[in-house]
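Everything on this sheet refers to the single structure shown next.
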2 protein chains.
Amino acid sequence: MQATKKQTLYDTLRQRVLTLELAPGSALDETILCEEFGVSRTPLREILQRLAAHGYLEITANRGATVSSMNLSVMRSFFQTAPMIYASISRLAAENATPVQTTQLKAEQRQFRIAVKRNEVIDMAMSNHRFHEIIGEMAASPYLLPSLQRLQIDHTRMSQTFYKSRNRTDHERIDSACEQHEQLIEAIEKHQPATAVDITRQHWELSRHQFERYVQPDPLPIDPLSPIQAPTQVDNHAL
Amino acid sequence: MQATKKQTLYDTLRQRVLTLELAPGSALDETILCEEFGVSRTPLREILQRLAAHGYLEITANRGATVSSMNLSVMRSFFQTAPMIYASISRLAAENATPVQTTQLKAEQRQFRIAVKRNEVIDMAMSNHRFHEIIGEMAASPYLLPSLQRLQIDHTRMSQTFYKSRNRTDHERIDSACEQHEQLIEAIEKHQPATAVDITRQHWELSRHQFERYVQPDPLPIDPLSPIQAPTQVDNHAL
DNA sequence: TGAATTTTTATTGTATACAATATGTATTTT
DNA sequence: AAAATACATATTGTATACAATAAAAATTCA
């Protein structure tokens, strides 16, 4: 019966980490979470163990759980690893995707479009996350999936700023991403690995550009009195 | 104090899985393990959760933990993924390895040599596992490491037959592997990524040939009465 | 006999109480 | 007043008892 309760617990905490509702590095209070979810500490702690092993949390002995930190030292490795893993996953997905999975993917893309249209930040982040997660499932590679999932945790968290942005250029980029999703679905459905890899590469480049601005904000104008030409509202407090 | 106890529990169970002392698919009895390790079910279950999340076990709700199965359906994906991940890890290791880590790697290689000389199957398997694990640490890529670890679980388990073999050819191959380790250490120490990748590729090919015989044993002689030319004692009961 | 149902047993899941550890506060000492 | 120590509080870790679920055995009914 209460397998549902534990799953809810896992999913909810996971979402809070991914949407930055729980800030990187922040501590989790077992007692408070127990009250909130109406469970005792035993099952809660088992879930925390799982979340930690999956990379969402970090557990230190006798000092409890904290949300996984996103430090700059791993960024390099993120940018090195992501394109390779994403490309491999897309290739395998295009080779192995079943019709049922393609249907799932299309459904998730509809959710994403709706969230984009309504400008619902959390829904955008989560449906985009789920979209790429489904592609991961399509790849059917238990050995590649763990790395994809680790990448996605930080990718989704970094994307928050992107989704939250009320900037014109960013909105256009979100639309581009949405269009790339459609193309990717088509390539996967038609079993065209090469095309899928290429679109994935473009999709990654779009993200990468965004992240570069995020990590390294636009330089200040030379003349501090002249108005800033392209007013970008990037807040990089999270990193 | 008892953080040690839990770590021992984790390490011991992990080793039993890796050395096939616990057969793939076999069930774990919580009560028996509790008695053996002198802990109650609460901490034991937390460890089982961790082991499951790391790919050593599979936990089904209301039905307990079993050792991760090694079915043929994932073999394809294993052979597809392994060379790419191993190569990437080696490249990064050669780029980033610190002197301290290189020293560790050399120490582990000494252990491996000793185990090979003494023909200690478990020690061979575990020190070889640890050897490649250290290279994984050298790579310093939290995003690539999870896939490497998943691959290593099954790689080490499959290697058991290899190490157990009393066959002449197999022994020569183990010596080759040992020599490749030395070359790999040198490439890493001298920060030569290209060389490290190349040796890794050769090292993988050696494994792959072994696995092919393992999964698909030598064909029977055409004339069933003539003696078998190369008596290979490959027992592929585990797969 | 044999299929279906109930009862029993074993195993897994959860709550709670208690122990161990870490952290914060007060007190003592110089 | 500053440092050091002792004490108090909060948090984490573990054991145990009990509840829920699954599996096995026994019983019933056709």
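Residue numbers begin at 1 in each chain, while the letters A, B, ... track the order of the sequences. The model shown is predicted, which means the values in this text are computed figures rather than measured ones.
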Practice task
Give a yes or no on whether a donor-acceptor pair under 3.5 Å exists between the nucleobase atoms of C:dG13, that is its base, and the side chain of B:Arg45.
Solution key: no
Practice task
Rounded to the nearest angstrom, tell me the gap between atom CD1 in B:Ile32 and atom C1' in C:dT12.
Solution key: 14 Å
Problem - Whole-Å gap separating P (C:dG13) and CG (B:Asp29) - result: 13 Å
Exercise for the section: Figure out the CG/P separation between A:Leu28 and D:dT11, and round it to whole Å. Expected result: 13 Å
Exercise for the section: Identify which nucleotide among D:dA23, C:dA15, C:dG13 has an atom closest to any side-chain atom of B:Glu30, counting heavy atoms from C-beta outward. Expected result: C:dG13
Exercise for the section: Using atom CD1 of B:Ile47 as one end and atom P of D:dA15 as the other, report the distance to the nearest whole Å. Expected result: 12 Å
Handout entry: N/O (side chain, B:Arg41) to phosphate O (OP1/OP2, C:dT14) under 4.0 Å
Key = no
Practice task
Considering just the side-chain nitrogens and oxygens of B:Ser40, establish if one lies under 4.0 Å of OP1 or OP2 belonging to D:dA15.
Solution key: yes
Problem - Separation between CD1 of A:Ile153 and CE of A:Met70, rounded to the nearest 0.5 Å - result: 11.0 Å
Fill in the blank from the handout: Tested for side chain to side chain donor-acceptor pair (under 3.5 Å) against B:Tyr86, the lone hit among B:Arg91, B:His132, B:Gln152, B:His155 is B:His155
Problem - Sub-4.5 Å side-chain heavy-atom contact between B:Arg157 and B:Pro24 - result: yes
Practice task
Figure out the CD/P separation between A:Glu46 and D:dT14, and round it to whole Å.
Solution key: 13 Å
Practice task
Could you please name the option among D:dT14, D:dT12, C:dT23 that lies closest to any side-chain atom of B:Pro43?
Solution key: D:dT14
Exercise for the section: Please confirm whether any donor atom in the side chain of B:Thr42 sits under 3.5 Å from an acceptor in the base of D:dT16, or the reverse. Expected result: yes
Handout entry: Residue among A:Arg45, A:Arg50, A:Arg41 satisfying salt bridge (charged side-chain N to carboxylate O under 4.0 Å, His left out) with B:Glu46
Key = A:Arg45
Exercise for the section: Could you tell me whether the phosphate oxygens of D:dT14, OP1 or OP2, come under 4.0 Å of any side-chain nitrogen or oxygen in B:Lys6? Expected result: yes
Practice task
Rounded off to whole Å, could you give me the CZ-to-P distance for the A:Arg63 and C:dA22 pair?
Solution key: 6 Å
Problem - Protein-nucleotide distance (B:Arg50, atom CZ; D:dG13, atom C1'), rounded to Å - result: 13 Å
Completion exercise
Rounded to whole Å, the CG-C1' distance (A:Asn62 to D:dT11) equals 10 Å
Exercise for the section: Output yes when a side-chain donor or acceptor of B:Thr200 lies under 3.5 Å from a complementary backbone atom of B:Ala87, and no otherwise. Expected result: no
